[in-house]
S.K.: 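I have a structure I would like to understand better, so I am pasting it below and will then ask my questions one at a time.
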Amino acid sequence: MALDTKPIETERKALQVLCEAMQEAGEDERELLMAEIEKSAAKLEMLCAELQAEADATKPAVDLPEVHLDAVVEVVLTPDQRRRVLEKTGIDVPSVRIQDPTADLTKFMPQISLDFIEKCAIEQAEAFKAMVADAEAGAEEAAKAEGKGDG
C-alpha cells in the first residue's frame with residue numbers, strides 16, 4: 001500500500017508561494033502573509049504527522065537487520081595494493097575504512113574481492129586529494145581577498 005503524499009506536496013507548494021509573496025510584500029501585507037504562512041506551516045506539520053502515523057501503522061512485522069550508521073570496517077592493504085593505489089593516486093594508503101552499517105562486510109570478509117578493497121582505497125585517496133585541493137583553493141582565495149583588503 002503506497003502512502004499518499006499529494007496533500008503534503010500541495011501544502012508545501014502553497015507555503016512556498018506564500019513565502020515568495022512575502023519577499024515582495026509591502027509592510028501592510030507582511031502581517032497578513034505571516035499569519036497565512038503560520039497556518040500553512042501548521043497544516044503541513046499536521047499532514048506530515050498523519051503520514052508518519054500511517055507509515056508507522058503499516059510497518060512490516062519483519063525483523064530488519066540492526067543498522068549502525070557509524071559502523072565501519074578497516075582493512076589493511078597488501079603491499080601490492082598499497083603500491084598500486086600510490087601509483088594511481090599519488091597518495092599512500094596503508095588501510096581503508098569502509099562503511100559497514102549492517103555488518104555484512106564484516107561477516108563476509110573472507111569472500112570480499114581484493115579488487116573491491118583496492119577500489120575503495122582508490123576512491124578514498126581521490127576524495128582526500130579533492131578535499132586537499134579544495135582547502136588549498138580556499139586558502140588561496142582567502143589570501144587574495146586579504147591582500148586586496150590591505151591595499
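Values reported hereafter were calculated over all heavy atoms of this structure, with side chains retained and with hydrogens, waters and symmetry mates removed.
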S.K.: Are F128 and V72 co-members of a hydrophobic cluster defined by side-chain heavy atoms under 4.5 Å apart?
M.R.: no
S.K.: Listed by chain and number, what are the salt bridge (Lys or Arg N to Asp or Glu O under 4.0 Å) partners of E87, not counting sequence neighbours?
M.R.: R83
S.K.: Kindly write out the residues that satisfy side chain to side chain contact (heavy atoms under 4.5 Å, CB included) with L32, not counting sequence neighbours, or none if the list is empty.
M.R.: none
S.K.: Please, which pairs that meet side chain to side chain donor-acceptor pair (under 3.5 Å) have at least one residue in residues 124-136, sequence neighbours excluded?
M.R.: none
S.K.: Verify the distance criterion only: is there a donor paired with an acceptor across the side chains of D104 and T102 at less than 3.5 Å?
M.R.: yes
S.K.: L47, V17: one ILVMFWY side-chain cluster at the under-4.5 Å cut-off?
M.R.: no
S.K.: Test side-chain contact (heavy atoms from CB on, under 4.5 Å) on I98 and I117; report intermediate values, then the result.
M.R.: CA-CA 9 Å; I98 306 169; I117 301 298; 3.8 Å; yes
S.K.: How would you list, by chain and number, every residue that makes a side chain to side chain donor-acceptor pair (under 3.5 Å) with T106, sequence neighbours excluded?
M.R.: D100
S.K.: Could I get the full list of side chain to side chain contact (heavy atoms under 4.5 Å, CB included) partners for K119, not counting sequence neighbours?
M.R.: E123
S.K.: In sequence, state the C-alpha distance, the side-chain angles, and the governing distance for T89 and I122, and then conclude on side-chain contact (heavy atoms from CB on, under 4.5 Å).
M.R.: CA-CA 7 Å; T89 66; I122 290 169; 4.0 Å; yes
S.K.: Can you sort out the partners of D115 under salt bridge (Lys or Arg N to Asp or Glu O under 4.0 Å), two or more places apart, ordered by chain and number?
M.R.: none
S.K.: Of all residues at least two apart in sequence or in a different chain, which pass the salt bridge (Lys or Arg N to Asp or Glu O under 4.0 Å) check with K6?
M.R.: none
S.K.: What pairs with L114 under side chain to side chain contact (heavy atoms under 4.5 Å, CB included), at least two apart in sequence or on another chain?
M.R.: Q81
S.K.: How far does CG of L105 sit from CD1 of I112, to the nearest 0.5 angstrom?
M.R.: 4.5 Å
S.K.: Tell me the salt bridge (Lys or Arg N to Asp or Glu O under 4.0 Å) pairs involving residues 21-31, sequence neighbours left out?
M.R.: none
S.K.: Is there a path from V76 to V93 through hydrophobic residues (I, L, V, M, F, W, Y) whose side chains come within less than 4.5 Å of each other?
M.R.: no
S.K.: Any idea which heavy atoms bring A121 and L77 closest together, and the distance?
M.R.: CB-CD2, 3.7 Å
S.K.: When rounded to the nearest 0.5 angstrom, what is the spacing between CD1 in I37 and CG in L44?
M.R.: 12.5 Å
S.K.: Taking only residues two or more places apart in sequence, or in another chain, which ones meet E74 in a salt bridge (Lys or Arg N to Asp or Glu O under 4.0 Å)?
M.R.: R97
S.K.: How long is the gap from CD on E54 to OG1 on T5, to the nearest 0.5 Å?
M.R.: 10.5 Å
S.K.: Name all pairs fulfilling the side chain to side chain donor-acceptor pair (under 3.5 Å) condition that reach into residues 34-45, sequence neighbours left out, sorted by first residue then second.
M.R.: E11-S40
S.K.: What pairs of residues pass the side chain to side chain donor-acceptor pair (under 3.5 Å) test when at least one of them lies in residues 14-23, not counting sequence neighbours?
M.R.: R12-Q16, Q16-E20
S.K.: Yes or no on side-chain contact (heavy atoms from CB on, under 4.5 Å) for V75 and F116, after CA distance, side-chain angles and deciding distance?
M.R.: CA-CA 11 Å; V75 181; F116 171 76; over 6 Å; no
